Amino acid sequence: MNYVFYDFETSGTNRYFDQPLQIAAICVDETFEINSEFTLNETCKLKDGVVPHPQALLVNKIDIDTLKNGQSFYDMIDKVQKKFTEWSPAIFIGYNSLFFDEVVLRQSLYQSLHDPYLTNTNNNRRADLYHIFLGLSKLRPDIIKLGINPETEKESFKLEYLAKANKIEQEKAHDALSDVIATIGLAKLIKEKASDYWDHCMHISNPENFRAYLAKQDLFFKAPSHPSHVITPIKFLSENPERNKELSFFDLKFNPENYIDKKSVEIMSLIESKEKVIKLIEINKSPIILGEEFISHEIFEDNEIKDFKSRIKSLKNHELFLDRLKQALVDRSQDREVNFPMPEWVETQIYAAFANAKDKEKMKTFRNTTDPEEKNKLAKDFEDQRYRELAYRILFNESRNFLDEDKVTDRELFFAERALGTDQGVKWCTISKAKKDIDNLRENSQYSEYLDYIDQIKNFIDEEEIKYKKYQKS
């Protein structure tokens, strides 16, 4: 199966309200050899309504002219969607991608009226090299060197430091294509030095394989998801009867005899508490669990393994506890549905509901239509208001002369209000936030050599402020 390694450079760190400015990806087979014919590297300008974080621009060094005059965000996402589809089926891999890049990708596809679930449907899978490396660093710490942050002289799991420590090519950190090449280099190193572990991680990236692996034994170990975490002994208990992608496990560091008589309401606290006696794992987020065959005596001694197995027997003898757990999982899901109302913004409504069949067909027609007037007619015809709004935004950014006048005015006022707002509590960057960030960057000696670029950012933000003030007067 092919691997697609990818990385984003974005306008900021909010996964819903910022946007990718550069997307790079390389498709390779199991030899990890890079071929320019299977390489994607695209940049784009800002969408209306998005104010970039100056700190983010200073990190990724996106050319200011690209922000103003590059290809549109929507053209870039169309190219990415087309290429990712051509490369499918594949395992899509990034570095810390499940937390950030994957969410940004889904959001970008959703806002462009594409299927947001490209990387985990149609036989595609996804994996996160950050989590794979974290697990390996705890299992076999001598195999791959940890990175060192030169400023703090402390161990670091950042890709740029790992690449340097292991002599992996990375021409320019925080350039998407360079980061993809470094990610491939690290993956290749793991495959070469710990092939059994790599193959296992790839195998269980398929949810069905994951479930089959759970059926083979009773004792498992959860790999850490943070550098400060440790490998945790666990016993699979049950899936959520209402959400079969949510699996529950008992943390075997705890004695089940202290918890088996608890009622459903009390079991809920075992899930929500800081200790998390019961751990929930989302099977569709490529979790890494390991069987006993991966665990050495340096991690857990024989007497500890014996204790874990004894606790597993205790859990097996209490079916009532399992029934109460299932009820607690159902109650928890229902409580979350009641207590979490429909999100306010269209960006955060991505998971509110799946598109119905009619709207899916309309999305395809809208994307395949080149006539802006026809697109304008199609935009009005979406049944789901989310897709109507997203279609109007696409037209506003790309063909506003063909959009109804009232729709243009509505979008101008909306984007102006978002960009020029003074509420510091909003989740997106505003002009006022950007100006404060610029002042802070200028005063920070760490960035003294980048003052010319900071001035370019300031000039760009000033131009954006003028544009949005014109929107208010239109």
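Model, not experiment: these values are computed from the prediction.
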J.: Of the options Asp7, Asn60, Asp175, which is the one that meets Gln22 in a side-chain hydrogen bond (donor to acceptor under 3.5 Å, both in side chains)?
T.: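 In the set Asp7, Asn60, Asp175, the residue that makes a side-chain hydrogen bond (donor to acceptor under 3.5 Å, both in side chains) with Gln22 is Asp175.
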J.: Would you call Asp359 and Arg386 a salt bridge, taking side-chain N to carboxylate O under 4.0 Å as the test?
T.: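 Result for this pair is no, no salt bridge flagged.
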J.: Tell me whether Asn317 contacts the main-chain N or O of Lys313 through its side chain, where contact means a donor paired with an acceptor under 3.5 Å.
T.: yes
J.: Please find out if less than 6.0 Å separates the ring center of Phe300 from that of Phe308.
T.: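 Centroid distance Phe300-Phe308: below 6.0 Å, so yes.
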J.: State plainly whether the residues Lys164 and Glu169 are in salt-bridge range, i.e. N to O under 4.0 Å.
T.: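 Not counted as a salt bridge, because no side-chain N and carboxylate O are separated by less than 4.0 Å.
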J.: Give a yes or no on whether a salt bridge exists between Glu86 and Lys83, defined as a side-chain N under 4.0 angstrom from a carboxylate O.
T.: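 Result for this pair is yes, salt bridge flagged.
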J.: So, Lys326 and Glu319, do they make that salt bridge, N to O below 4.0 Å?
T.: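 Looking at Lys326 and Glu319, the cut-off is not met.
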J.: Determine, stepwise, if the pair His203 / His200 fulfils ring pair (Phe, Tyr, Trp, His ring centres under 6.0 Å).
T.: CA-CA 5 Å; His203 181 71; His200 171 72; 7.4 Å; no
J.: List the atom pairs, with distances to 0.1 Å, where a side-chain N or O of residues 144-159 and a protein N or O form a donor-acceptor pair under 3.5 Å, not counting sequence neighbours.
T.:
unit_1	atom_1	unit_2	atom_2	d
Asn149	OD1	Glu151	N	2.9
Thr152	OG1	Lys154	N	3.3
Ser156	OG	Lys158	N	3.1

J.: Going by atom types only, do Gln385 and Gln349 share a side-chain donor-acceptor pair under 3.5 Å?
T.: yes
J.: Under the rule for side-chain contact (heavy atoms from CB on, under 4.5 Å), what residues qualify as partners of Ser112, not counting sequence neighbours?
T.: Phe73, Tyr74, Ile77, His114
J.: Using a distance-only test with no angle check, is there a side-chain donor-acceptor pair under 3.5 angstrom linking Thr85 and Gln81?
T.: yes
J.: Does the side chain of Tyr6 come under 3.5 Å of the side chain of Glu102 through a donor N or O and an acceptor N or O?
T.: yes
J.: Assess the residue pair Asp179 and His174 against the criterion (side chain to side chain donor-acceptor pair (under 3.5 Å)); give the C-alpha distance rounded to whole Å, side-chain angles, the decisive distance to 0.1 Å, and a yes or no.
T.: CA-CA 6 Å; Asp179 286 352; His174 304 296; 4.7 Å; no
J.: Ion pair present between Arg332 and Glu246, side-chain N to carboxylate O less than 4.0 angstrom?
T.: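 Yes.
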J.: May I ask you to decide if Thr119's main-chain N or O and Arg126's side chain share a donor-acceptor pair within less than 3.5 Å?
T.: no
J.: If only side-chain N and O atoms count, and only distance matters, is there a donor-acceptor pair under 3.5 Å linking Ser264 with Asp331?
T.: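 Looking only at side-chain atoms, Ser264 and Asp331 do not form any donor-acceptor pair under 3.5 Å.
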J.: Does a sphere of radius 6.0 Å around CZ in Phe354 hold more than 12 heavy atoms from other residues, nucleotides or ligands, not counting ones at 6.0 Å or beyond?
T.: no
J.: Assess the residue pair Leu189 and Trp198 against the criterion (side chain to side chain contact (heavy atoms under 4.5 Å, CB included)); give the C-alpha distance rounded to whole Å, side-chain angles, the decisive distance to 0.1 Å, and a yes or no.
T.: CA-CA 10 Å; Leu189 198 59; Trp198 173 267; over 6 Å; no
J.: Would you indicate whether Asn123, at its atom CG, is surrounded by more than 12 heavy atoms from other residues, nucleotides or ligands within a distance under 6.0 Å?
T.: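 12 or below, so no.
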J.: Start with the C-alpha distance between Lys172 and Glu160, add both sets of side-chain angles, then the distance that settles salt bridge (charged side-chain N to carboxylate O under 4.0 Å, His left out), and finish with yes or no.
T.: CA-CA 9 Å; Lys172 179 185 175 185; Glu160 61 183 294; over 6 Å; no
J.: Centre-to-centre under 6.0 Å for Phe92 and Phe84, is that the case here?
T.: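 Between Phe84 and Phe92, which both carry aromatic rings, the centre distance is below 6.0 Å.
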J.: Between Glu282 and Lys285, does any side-chain N to carboxylate O distance fall below 4.0 Å?
T.: no
J.: If we count only N and O atoms by modelled type, under 3.5 Å, do the side chains of Glu298 and Ser296 hold a donor and an acceptor together?
T.: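 Ser296 and Glu298 do have a side-chain donor-acceptor pair below 3.5 Å.
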J.: So Glu266 and Arg324, salt bridge (charged side-chain N to carboxylate O under 4.0 Å, His left out) or not? Walk me through it.
T.: CA-CA 10 Å; Glu266 296 173 302; Arg324 289 170 175 169; over 6 Å; no
J.: With no hydrogens and no angle check, just 3.5 Å: does a side-chain donor-acceptor pair link Gln71 and Glu42?
T.: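 Yes, side-chain donor-acceptor contact under 3.5 Å.
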J.: With Phe220 as reference, evaluate Phe249, Phe236, Tyr213 under the ring-ring contact (aromatic ring centres under 6.0 Å, His included) test and give the passing residue.
T.: Tyr213
J.: Assert yes or no for the condition that the ring centre distance of Tyr3 to Phe32 is strictly below 6.0 Å.
T.: yes
J.: Any side-chain donor-acceptor pair under 3.5 Å between Ser314 and Glu257?
T.: yes
